[in-house]
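Comments concern the structure below.
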Number of protein chains: 2
Amino acid sequence: MPPKQGRATPLDRTAVLAEAVVLADEGGLAAISMRALAARLGVVPMALYKHVADRADLVGGMIDTVVQTYPTPDDDGWQARVRARALAARDAQEQHPWMRAAIDEAERPTLTTLAYMDAVAADFIDDGFSVDLTHYAMHALGHRIWGYSTEAFRSAPAGADDEAAAAMLAAQFPHVASIAMDTAMRNPAGACDERHEFAFGLDLLLDAFARLREAGWVSAVPDASLSRPASPST
Amino acid sequence: MPPKQGRATPLDRTAVLAEAVVLADEGGLAAISMRALAARLGVVPMALYKHVADRADLVGGMIDTVVQTYPTPDDDGWQARVRARALAARDAQEQHPWMRAAIDEAERPTLTTLAYMDAVAADFIDDGFSVDLTHYAMHALGHRIWGYSTEAFRSAPAGADDEAAAAMLAAQFPHVASIAMDTAMRNPAGACDERHEFAFGLDLLLDAFARLREAGWVSAVPDASLSRPASPST
DNA sequence: ACCTGAACACCGTTCAAGT
DNA sequence: ACCTGAACACCGTTCAAGT
């Protein structure tokens, strides 16, 4: 083992962030603590504060580290470009499942994430989309731009482990059960093809954007049917 | 002050969850700790463990408490019903902003959340949608079903506080800046109408689902252009 | 310039004990 | 049946000190 006098090579921000990404890949965002990360780096917890401002800065830097690897598409046309970006981001995110929670935890974009959003906006605008429609399209894309559409729950509920309990749940929630059965029938593995489903929703939105653009869509004042009721009850 | 002998009325699970919802409404999910919640209830932390199994069970119970208030739509037709559900959920969620993080933190659905998803699935299936298309439609709706579409960042980046810094950012990220300017021009308040944008994306998806249904859509094996490249590099 | 040590004010959760 | 007290193994972060 190396002598315990500090470290072989002095730390820098890049090394701290790289090790944090590895640690999160292994144990999720919950495994990221200043103390655990410091231990991995063979350093006392407070040494990290020379390289990151605090935990929020650490997590922001981890996001940046991954977003910087998102490739720039060489496709022509907004649709192919945005599609390639979202799918590439989704693939990168599959290797770093903590990204979803990290982006939710971060409250403000960094310069790196802003640059990424600017690049997505450029794909629309530089291809002739109005700024107005680009704005709305990006809102509609939501987290799909970052590579995922944040499904609410990925696994079965607790207590569906034995067959009897599963049958009771199926009787209680027949529509959900019929979806699960239909999926099992169509796919021998019995599982969703998440990538396919992701692309399905993505393409629906992209096709809709194309139609709106053709029709010269302009954002409108919300109509009355959309307004919140004046009083919550009655 | 009341005498400190336990409490005036004994705790039960409903009272614990109700106080937790109030505490989270005030301080966000970060304010929810067993110790802080116990203090609010005038009780020692460990007393809570008689009513909730652990912190995950507490957060799950909080989600259930809110989801139970989501109204059942009385509209006819799948589109009006799903639309009403998603918008009502969105309004409820505006009062409980911690719901987004809580649902992300929860890994498995509870019976209450399963029942809600079953009701959404029923809106499609009972109106003649195939189970297959219902499945894909619900994936495409993603978190919109829960009342929101999880925007990545809501606020400006750090360091955009003075005018000079803001101008520098605008020059650096011109497409994002043009969206912000366009919005400011169209809306005197300079802010997004989040509810309107939410409905925009929602309606795009709903209209697309209607068209697919009409066309007799059936899920297909992913085509080659969708497959992940065999090797990540080269 | 970079790292350390002690300290402060927090966490969730277990266990054995009280009433 | 419900609540308590002490304890254990953790957190992020500040401050003053070391090399």
Side-chain angles (χ1 to χ4, degrees), chain A residues 1-21 23-24 26-63 98 101-102 104-108 158, chain B residues 1-21 23-24 26-63 98 101-102 104-108 158:
Chain A
M1 338 179 159
K4 265 295 219 162
Q5 54 200 7
R7 286 164 44 84
T9 57
L11 279 180
D12 61 4
R13 181 172 236 261
T14 306
V16 170
L17 294 179
E19 188 64 36
V21 166
L23 184 57
E26 291 172 13
L29 200 59
I32 294 295
S33 74
M34 302 301 279
R35 298 172 110 109
L37 178 57
R40 287 275 291 231
L41 290 162
V43 115
V44 100
M46 304 72 216
L48 299 181
Y49 286 84
K50 272 273 119 81
H51 306 104
V52 296
D54 51 22
R55 193 183 188 278
D57 183 43
L58 172 66
V59 173
M62 291 168 63
I63 295 171
W98 49 268
D104 285 346
E105 187 175 307
E107 290 188 349
R108 312 173 134 244
Chain B
M1 343 180 154
K4 265 292 215 159
Q5 54 199 12
R7 287 166 43 84
T9 57
L11 280 180
D12 61 5
R13 179 171 237 260
T14 307
V16 170
L17 295 179
E19 188 64 35
V21 167
L23 184 56
E26 291 172 13
L29 200 60
I32 295 294
S33 75
M34 302 301 279
R35 296 171 112 107
L37 178 57
R40 288 273 293 230
L41 290 163
V43 117
V44 99
M46 303 72 216
L48 299 181
Y49 286 84
K50 271 274 120 76
H51 305 104
V52 296
D54 51 22
R55 191 182 189 280
D57 183 43
L58 172 66
V59 173
M62 292 168 63
I63 295 170
W98 48 268
D104 285 347
E105 188 176 306
E107 290 188 347
R108 313 175 133 242

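Residue numbers start from 1 in every chain, and the chains themselves are labelled A, B, ... in the order their sequence lines are given, proteins ahead of strands. These values consider heavy atoms only, across backbone and side chains, with no hydrogens, waters or symmetry-generated copies.
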Could you give the distance from CD (A/E26) to CG (A/L23), rounded to the nearest 0.5 Å?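 Between atom CD of A/E26 and atom CG of A/L23 there are 6.5 Å.
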
Considering residues at least two apart in sequence or located in another chain, which fulfil the side-chain contact (heavy atoms from CB on, under 4.5 Å) criterion with [X]?
X      : result
B/A24  : B/I32, B/M62, B/W98
A/D54  : A/A56, A/D57
B/A101 : B/L29
A/T14  : A/D12

In whole angstrom, give the distance that lies between atom [atom1] of [X] and atom [atom2] of [N].
X     : N      : atom1 : atom2 : answer
A/M34 : C/dT4  : CE    : P     : 14 Å
B/L29 : C/dC11 : CG    : C1'   : 14 Å
A/L37 : D/dT13 : CG    : C1'   : 15 Å
A/D12 : C/dC3  : CG    : C1'   : 15 Å
A/R13 : C/dC3  : CZ    : C1'   : 18 Å
B/L41 : D/dC2  : CG    : C1'   : 14 Å

Step-by-step side chain to side chain contact (heavy atoms under 4.5 Å, CB included) determination, A/L41 to A/L48: CA-CA 9 Å; A/L41 290 162; A/L48 299 181; 3.8 Å; yes

Considering only side-chain heavy atoms of B/R35, which listed nucleotide, D/dT4, C/dT4, C/dG12, is closest?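 Within the option list, the nearest is C/dG12.
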
Give DNA chain C the dot-bracket treatment, 5' to 3': Watson-Crick (N1-N3 with N6-O4 or O6-N4) or G-U (N1-O2, O6-N3) under 3.5 Å, [ ] crossing, | other strand. ||.|||||...|||||.||

If you take all heavy atoms of B/R35 and B/P45, which pair is closest and at what distance?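 Result for this residue pair: CG-CG, 4.0 Å.
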
For B/R55, which residues count as a side-chain hydrogen bond (donor to acceptor under 3.5 Å, both in side chains) partner, sequence neighbours excluded?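 Only B/E105 meet the side-chain hydrogen bond (donor to acceptor under 3.5 Å, both in side chains) criterion with B/R55.
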
Specify the residues of residues 45-59 of chain B, ordered by number, for which at least one heavy atom lies under 4.0 angstrom from an atom of DNA chain C.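 B/M46, B/Y49, B/D54, B/R55 - these, ordered by number, are the residues of the stretch whose heavy atoms sit under 4.0 Å from the strand.
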
